[in-house]
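Report on one structure; see the data block that follows.
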Protein chains: 2
Amino acid sequence: MPDEEPTSIWMLPERQERSGPGRRPGYSREQVTRTAVQIADAEGVEAATMRRIACELGTGAMSLYRYVPKRDDLFDLMIDMVMGEIELPDGTSGDWRADLSLVAHQIRAAGLRHSWLIALLTSRPTLGPQLLRVHEFALSALDRRGLDIDDITGFVGMLSDYVHGAIRREIGWLEEARRTGLDPERWKRDYIGPYVRQVVESGAHPLFNRSLLESRTAHLPPAERFQYGLDRVLNGIGAHITSDISR
Amino acid sequence: MPDEEPTSIWMLPERQERSGPGRRPGYSREQVTRTAVQIADAEGVEAATMRRIACELGTGAMSLYRYVPKRDDLFDLMIDMVMGEIELPDGTSGDWRADLSLVAHQIRAAGLRHSWLIALLTSRPTLGPQLLRVHEFALSALDRRGLDIDDITGFVGMLSDYVHGAIRREIGWLEEARRTGLDPERWKRDYIGPYVRQVVESGAHPLFNRSLLESRTAHLPPAERFQYGLDRVLNGIGAHITSDISR
DNA sequence: CTCTGTTTGCGTACATCGTACCTGAATGGC
DNA sequence: GCCATTCAGGTACGATGTACGCAAACAGAG
């Protein structure tokens, strides 16, 4: 029956190990996904091709299609595997600020460990079980605080937007240098450097210049810069919480 | 001299129209970019291949490389052309809230007109002249309000993150349906629908369920929903402005 | 054990992509 | 009119996702 009707990867169960006579599957969906994640970590997501993953597993490219319907579905699986690395307590603590900070820092850590994560996560809507788990934790951190569900959803979205944007700003240029093949040093000096210098020296963008030259947080450790922006987002949320002694 | 050393597209001038004897260029960088934008608008950015663009212009694929070094550079040019559509007054009005709202709504409009814009814009750091113009306007809207440059940059980044995220949420599912080739109706009913229903019925994510089922803004016109979140972001900024009667 | 039906492993093949290279035509200066 | 120069565009290469089909492996029936 080759006419698999197209359905979400999360609805499509993996081939059972013992469904009847025939060869036993030599690999698993989870194993394929883990290999793809490892390759993407080491060489970028564009290196995680079907052939390369299969080669790493010691098999042929087409074998992977026994475990994953399409390459895009594999991306969803990779995202969800990495979201599974995010460790959260069983329930919220009651301190919404601490809970949301925890989620934010955990996602940042995952995004730094896997530099392809944010690009994939924001390139397409995906709703894997692990992502849902993290999302639900963030939502419940703001529950029972006098906010209606639309505000809760909106604030979590706002936080999410900030985290994704901040991580992108943190690794964006580095990733771009790697993607073009140049080493970051040379890329910065010979490729983007001259242009930025020209823009600065033109004097046409005074505030942009100040944000480059006069910034103090720009030379802060990235983690502190992240926290700096995160605090502003959390303050924005706190301003809408009536009993806002942050707990 | 074919050893063009790699440099930013913004530093690489277009071939002069009259540099010496030889044929006159039949096209222009701007013309190639506009064609690419039109194709991407109509059929998605993945349809704007070098061959397709050239075909549309009535020429061969390789001819385009006389105007654009690489395909990625063409993406930067497309982004900047669309950012050029954003109309802003010559200077800020003095009402920072109105100015930032204007930028946000203009970017949203551009993102809806060109459904590929946000995906490209957030997939790689780019700094074209038109993007710089818009960025500078947003920065200067918050200038002279008692904020230091780090706060100004941070708030504009926060706003930018929200706008990108909100647009993605607005067109994300629609785009995904188009990308997979199914019509949105069928995609929603047969593809993602059953999974979401299963998630909801499992009852494992009560707040996620409420955000789907009890939301009032979810059934609001998209423009109002955008404004709803935008107001929250602007409130967050306003809370940090000392003389905050919004002007 | 032998046979048979089922399921997986995987090689082959195809369409499509970006783009390196090369040939030939067009064109302005002498 | 000749020539150096420059662009148009065909051909070609390597890489991609993946449709297709065949051979191998294995469980159960006889």
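Chain A is the first sequence line, chain B the second, and so forth, proteins listed ahead of strands; every chain is numbered from 1.
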Where do N or O atoms of nucleotides 10-15 of chain D meet protein N or O atoms at under 3.5 Å, pair by pair?
none

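- Between A:His205 and A:Phe208, the ring-plane angle classifies as perpendicular under the 30° and 60° cut-offs.
- Scored by the side chain to side chain contact (heavy atoms under 4.5 Å, CB included) test, A:Arg210 finds A:Leu207, A:Glu214, B:Asp143, B:Ile149 as partners (sequence neighbours excluded).
- Between the A:Tyr67 side chain and the A:Tyr27 main chain, a donor and an acceptor come within less than 3.5 Å of each other.
- Remark: A:Arg178 engages A:Glu46, A:Glu175 in a side chain to side chain contact (heavy atoms under 4.5 Å, CB included) (not counting sequence neighbours).
- Taking A:Phe155 as the reference, A:His240 meet the ring-ring contact (aromatic ring centres under 6.0 Å, His included) condition, with sequence neighbours excluded.
- Using a 4.0 Å cutoff on non-hydrogen atoms, no part of residues 71-82 of chain B comes near DNA chain D.
- In terms of the side chain to side chain contact (heavy atoms under 4.5 Å, CB included) criterion, residue partners of A:Ser215 (sequence neighbours excluded) are, by chain and number, A:Thr217, A:Ala218, B:Asp150.
- For B:Tyr162, the ring-ring contact (aromatic ring centres under 6.0 Å, His included) partners two or more places apart in sequence, or in a different chain, are B:Phe226.
- Between D:dG21 and A:Tyr65, no contact under 4.0 Å exists linking OP1 or OP2 to a side-chain N or O.
- Taking only side-chain nitrogens and oxygens, B:Lys70 never comes nearer than 4.0 Å to OP1 or OP2 of C:dG18.
- Nearest to the side chain of A:Met50, among D:dT18, D:dA8, C:dT19, sits D:dT18.
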List the atom pairs, donor and acceptor, that lie under 3.5 Å between side-chain atoms in residues 193-202 of chain A and the rest of the protein, sequence neighbours left out.
unit_1	atom_1	unit_2	atom_2	d
A:Tyr195	OH	B:Leu127	O	2.7
A:Ser202	OG	A:Val199	O	2.8
A:Ser202	OG	A:Ala204	N	3.2

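- Taking atom CG of A:Leu64 as the reference point, atom C1' of D:dT16 lies 14 Å away to the nearest angstrom.
- Within the structure, salt bridge (Lys or Arg N to Asp or Glu O under 4.0 Å) pairs that include any residue of residues 117-128 of chain B comprise B:Asp76-B:Arg124 (at least two apart or interchain).
- Of the candidate nucleotides D:dA8, C:dG18, C:dT8, C:dT8 has the atom nearest to the side chain of A:Arg66.
- The salt bridge (Lys or Arg N to Asp or Glu O under 4.0 Å) pairs that include a residue from residues 107-116 of chain A are A:Glu85-A:Arg113, A:Arg108-A:Glu170, where partners are two or more places apart or lie in different chains.
- What separates CD of B:Glu46 from C1' of D:dT16 is a distance of 15 Å, to the nearest Å.
- Looking at residues 31-41 of chain B, you'll see that no heavy atom sits under 4.0 Å from any atom of DNA chain D.
- Partners of B:His114 under the ring-ring contact (aromatic ring centres under 6.0 Å, His included) rule, at least two apart in sequence or in another chain, are B:Trp116.
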